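Taking it in order: structure first as structure tokens, then the write-up.
Within every chain, numbering begins at 1; the chains are lettered A, B, ... in the order of the sequence lines, protein sequences first and strands thereafter. Bear in mind the structure is a predicted one, so any value in this text is a computation, not a measurement.
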There are 2 protein chains.
Amino acid sequence: MVRLKDIAEKAGVSTATVSYVLNNKGNVSEETRKKILKILDELEYKPNQIAKSLKTRKTSTVGVIVEDITVFNAPEIIDGINECAEEHGFSILLTNLRLYKRIGNNFSNVDKCKHLITNAVDSLLSKQVDGIIYIGVHTRNVTGLISEIDKPLVYTYCFADSGYSVNYDDEFASFEATNYLIERGHRKIALISGLIDSIPAHERFNGYHKALMKHQLILNPSYVKTGDWSYESGYKMAKDLLQQKEPPTAILAMNDLMAGGVLEACRELGIQVPQDLSVIGFDNRECSLYYTPKLTTMDLPLRKMGAKSMEKILRLLNGESETIEMNTKLRCRLIVRESVSSPR
Amino acid sequence: MVRLKDIAEKAGVSTATVSYVLNNKGNVSEETRKKILKILDELEYKPNQIAKSLKTRKTSTVGVIVEDITVFNAPEIIDGINECAEEHGFSILLTNLRLYKRIGNNFSNVDKCKHLITNAVDSLLSKQVDGIIYIGVHTRNVTGLISEIDKPLVYTYCFADSGYSVNYDDEFASFEATNYLIERGHRKIALISGLIDSIPAHERFNGYHKALMKHQLILNPSYVKTGDWSYESGYKMAKDLLQQKEPPTAILAMNDLMAGGVLEACRELGIQVPQDLSVIGFDNRECSLYYTPKLTTMDLPLRKMGAKSMEKILRLLNGESETIEMNTKLRCRLIVRESVSSPR
DNA sequence: TTACCGCACTTAATCGTTTAACTTAACTTT
DNA sequence: AAAGTTAAGTTAAACGATTAAGTGCGGTAA
């Protein structure tokens with residue numbers, strides 16, 4: 001291990017001078033600087049960031065808490081964080097809560113959940129991270145799960161009543177998808193919703209409704225079905241919808257899994273997609289590319305969300321809190337593939 | 001920020017005593033201990049791990065370098081690392097190389113690749129990680145990409161000629177899959193290989209071959225096709241195979257994507273799976289669950305690989321290098337779903 | 001009585017940096 | 001010539017922990 005002191009001794013100067021050279025500070029003659037630079041290179045000096053951090057009280061490290069890293073979408077968000085962090089010399093201290101494996105899918109055990117989160121936060125703070133990004137699972141409101149901390153904190157992919165957050169614009173995305181179908185000539189557009197008690201389900205419903213209204217179309221309640229986000233529920237709801245006396249000519253599913261179920265139902269019922277029925281999904285999940293036909297779906301700005309979250313952290317650290325948006329909503333993008341056409 | 005010193009002052013003792021209480025060391029009377037514990041709790045003392053690390057030269061942090069976190073399988077491995085790390089009070093400093101986005105898929109630019117890795121390693125060493133785990137993309141040999149370091153280093157999901165590594169047993173997995181088909185009565189078993197220049201493709205071919213030999217079956221060269229791991233290549237090779245004069249009754253694809261292509265080819269050719277043709281995939285990728293029919297496939301021990309890698313790091317730190325296996329190969333597990341039956 | 005031991009602490013050095021404050025010499029200004 | 005300024009360093013105190021070595025005291029053994 002080569003220390004600053006070793007460099008200083010070899011160069012015949014004080015550690016302060018070496019430090020000044022490393023940080024481009026203070027007054028150091030060109031001659032001395034060159035000499036030190038040379039020795040630095042020769043001895044392959046690598047600064048000990050731990051020591052530096054202790055003195056400067058900055059670690060250039062951001063703590064990332066993710067509810068479950070193996071859950072769909074989390075890696076892309078982390079990737080986005082990583083990209084922005086790296087550009088600014090920051091590292092990522094990752095904490096995976098493994099919430100699904102530990103408390104199941106219903107999150108009813110709020111206490112245990114809170115306990116896990118508190119532990120994670122404490123551990124990160126102990127390691128002196130400069131800020132924390134919390135990655136949720138989109139559908140949940142995490143208000144109150146993290147207690148006040150005196151470092152920058154940004155929530156992404158989840159909702160929080162207070163504090164900074166970064167999400168995508170569910171309502172607008174749903175509006176656009178519906179609008180796209182209408183502009184292609186569809187009038188009988190069905191919606192397969194996810195669980196009704198989630199915020200995104202509400203917002204997406206609103207977007208659907210607003211698009212209908214914009215074109216003076218009446219919302220037909222028998223065209224709105226509620227699934228539970230699963231493939232099977234999409235299959236089931238599609239059968240319901242398509243066996244009505246006046247079936248829809250298009251179905252907007254609130255995620256790609258349910259859209260997959262719709263496609264399977266169509267195969268069974270002998271309905272051709274997109275000739276007889278147009279289908280739009282949501283998420284641009286990888287599998288949507290391997291459906292037959294390839295699914296037209298909404299792509300989520302996941303990397304951008306990560307990058308934006310990190311950017312907020314950096315600006316917060318920079319004391320720019322006045323000028324930072326509390327809740328940022330990023331735009332989704334419709335990926336046009338093969339599952340939509342004009343109605344016959 | 002509450003420091004050890006603050007606790008000591010409030011308790012009327014020296015910082016040493018407080019430190020001894022915190023670390024359960026030294027001689028401290030029960031009375032003093034209780035008093036300190038109480039104050040520790042009252043002031044919500046959180047040790048500064050940076051300071052502790054500087055003194056102890058241990059950070060309880062493992063650096064994880066992943067070639068691309070958004071690539072299939074990486075999150076599960078990280079999850080496994082995380083689980084084991086957490087159990088032992090370790091944190092994960094994550095470095096995502098984003099190799100695909102930066103140098104494309106061919107990895108021909110070895111220099112740039114090496115440069116990125118060297119930077120990542122240096123950065124982690126600067127932050128004084130106790131060890132490093134390198135997560136590759138399975139198909140590659142990464143020998144020489146990381147230069148010698150004097151800390152524990154474990155490769156997983158990739159091959160390295162020297163050093164510690166953790167992988168799964170490709171050959172045995174392929175042997176088992178083939179054997180399963182044979183035991184169900186198949187004799188005409190085709191193989192759709194991935195790119196032939198990769199280590200796993202070789203090993204899986206060997207497993208396939210050995211299973212045939214075990215049952216005195218002759219390897220029929222026209223039953224072995226080489227794809228490039230993509231859905232489309234699976235589709236194309238399946239068409240080749242199925243339009244031969246004597247088509248196979250079963251196809252083993254070296255990944256789920258190509259198996260998906262096989263299923264699509266079957267739909268087009270009016271071939272019923274599994275009645276007319278049995279199909280086995282490899283990877284247990286999420287999409288395989290949404291194929292029609294649901295795909296029988298090989299599940300990879302990803303979490304276990306992560307956990308095992310972390311375990312090796314810990315044992316290496318513990319000075320147990322004598323007793324640690326250099327290359328660990330973990331078993332895969334066949335997931336039986338709906339795409340295999342006995343031949344007619 | 002003296003020597004020794006163990007208990008329950010304290011003292012102070014240390015880990016590898018940073019940085020405010022100081023020093024010294026050379027140069028400028030009046 | 002005296003005073004002031006500047007350049008190019010050095011000194012030494014932090015940062016918040018750990019820990020070897022030291023201290024003082026009461027008890028025990030020879």
Side-chain angles (χ1 to χ4, degrees), chain A residues 1-37 39-40 43-61 89 122-130 151, chain B residues 1-37 39-40 43-61 89 91 122-130 150-151:
Chain A
M1 236 251 124
V2 183
R3 291 124 67 226
L4 238 155
K5 205 178 165 191
D6 304 317
I7 306 291
E9 274 167 15
K10 185 140 190 205
V13 297
S14 70
T15 61
T17 305
V18 181
S19 175
Y20 287 133
V21 168
L22 282 170
N23 296 293
N24 284 312
K25 279 188 190 170
N27 280 321
V28 183
S29 71
E30 205 43 43
E31 192 188 2
T32 315
R33 167 183 308 276
K34 286 232 172 86
K35 190 209 257 172
I36 291 175
L37 249 21
I39 296 174
L40 244 18
L43 300 193
E44 294 188 329
Y45 171 75
K46 310 238 159 65
N48 181 326
Q49 296 293 345
I50 292 289
K52 177 165 184 166
S53 293
L54 179 59
K55 182 63 192 171
T56 61
R57 295 148 170 287
K58 285 179 210 154
T59 52
S60 291
T61 298
D122 282 353
S123 163
L124 290 174
L125 291 178
S126 235
K127 296 220 167 179
Q128 311 298 119
V129 294
D130 295 333
K151 302 219 166 152
Chain B
M1 236 252 121
V2 184
R3 290 125 65 228
L4 210 62
K5 208 180 162 189
D6 303 318
I7 306 291
E9 275 168 14
K10 185 137 191 209
V13 298
S14 70
T15 61
T17 305
V18 182
S19 175
Y20 287 135
V21 169
L22 282 170
N23 297 293
N24 284 314
K25 280 187 188 170
N27 280 323
V28 183
S29 70
E30 204 45 41
E31 192 188 2
T32 315
R33 168 184 306 275
K34 285 233 173 85
K35 188 208 258 174
I36 291 176
L37 249 19
I39 297 175
L40 246 17
L43 301 192
E44 295 188 329
Y45 172 74
K46 312 240 156 65
N48 182 327
Q49 295 294 343
I50 292 289
K52 177 166 184 166
S53 294
L54 179 59
K55 180 62 191 176
T56 60
R57 295 149 170 289
K58 285 180 210 153
T59 52
S60 291
T61 298
S91 300
D122 282 354
S123 162
L124 290 175
L125 292 179
S126 236
K127 297 221 166 178
Q128 311 298 119
V129 294
D130 295 334
D150 58 353
K151 302 221 165 151

Nearest heavy-atom pair of [X] and [Y]: which atoms, and what distance?
{"X": "B:Ser53", "Y": "B:Lys58", "value": "OG-O, 3.0 Å"}
{"X": "A:Gly89", "Y": "A:Ser60", "value": "O-CB, 3.6 Å"}
{"X": "B:Tyr45", "Y": "B:Ile7", "value": "CB-CD1, 3.9 Å"}

If the condition is salt bridge (charged side-chain N to carboxylate O under 4.0 Å, His left out), which residues does B:Arg33 pass it with, not counting sequence neighbours?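 Partners of B:Arg33 under the salt bridge (charged side-chain N to carboxylate O under 4.0 Å, His left out) test: B:Glu30.
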A:Lys25: what forms a salt bridge (charged side-chain N to carboxylate O under 4.0 Å, His left out) with it, not counting sequence neighbours?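 Testing A:Lys25 for salt bridge (charged side-chain N to carboxylate O under 4.0 Å, His left out), a comparison that skips the adjacent residues, returns none.
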Range on DNA chain C touched by chain B - first to last nucleotide, heavy-atom distance under 4.0 Å: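 From 5' to 3', the first and last contacting nucleotides are C:dA8 to C:dG16.
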Among A:Thr61, A:Thr59, A:Ile50, whose side-chain contact (heavy atoms from CB on, under 4.5 Å) with A:Gln128 holds? A:Thr59
Dot-bracket encoding of pairs in DNA chain C, which uses [ ] for pseudoknotted crossings and | for another strand, Watson-Crick or G-U under 3.5 angstrom: ||||||||||||||||||||||||||||||
Give B:Thr32 one of three labels, base, sugar-phosphate or nothing, depending on what nucleic acid heavy atoms sit under 4.0 Å from its own. sugar-phosphate
What's B:Asn27 touching, base or sugar-phosphate or nothing? Going by heavy atoms closer than 4.0 Å. base
Both B:Arg57 and B:Arg33 contact DNA chain C. Which one's nearest nucleotide lies toward the 5' end? B:Arg33
[X] side, atom [atom1]; [Y] side, atom [atom2] - distance, nearest 0.5 Å:
{"X": "B:Glu31", "Y": "B:Ile36", "atom1": "CD", "atom2": "CD1", "value": "11.0 Å"}
{"X": "A:Leu40", "Y": "A:Leu4", "atom1": "CG", "atom2": "CG", "value": "7.5 Å"}
{"X": "B:Arg3", "Y": "B:Leu43", "atom1": "CZ", "atom2": "CG", "value": "12.0 Å"}
{"X": "A:Thr15", "Y": "A:Asp6", "atom1": "OG1", "atom2": "CG", "value": "11.0 Å"}
{"X": "B:Lys52", "Y": "B:Ser19", "atom1": "NZ", "atom2": "OG", "value": "7.5 Å"}
{"X": "B:Lys46", "Y": "A:Ser123", "atom1": "NZ", "atom2": "OG", "value": "11.5 Å"}

Checking the side chain of B:Ser126 only, and the main-chain atoms of A:Asn48 only, is there a donor and an acceptor separated by less than 3.5 Å?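 Side chain of B:Ser126 to backbone of A:Asn48: no pair is present.
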Which residue, B:Leu54 or B:Tyr20, contacts DNA chain D at a nucleotide closer to its 5' end, judged by nearest heavy atom? B:Leu54
For DNA chain C, determine which residues of residues 4-19 of chain B have any heavy atom closer than 4.0 angstrom to one of its atoms, and list them numerically. B:Gly12, B:Val13, B:Ser14, B:Ala16, B:Thr17
If you walk 5' to 3' along DNA chain D, what is the first nucleotide with an atom under 4.0 Å of a heavy atom in chain B, and what is the last? D:dG16 to D:dA20
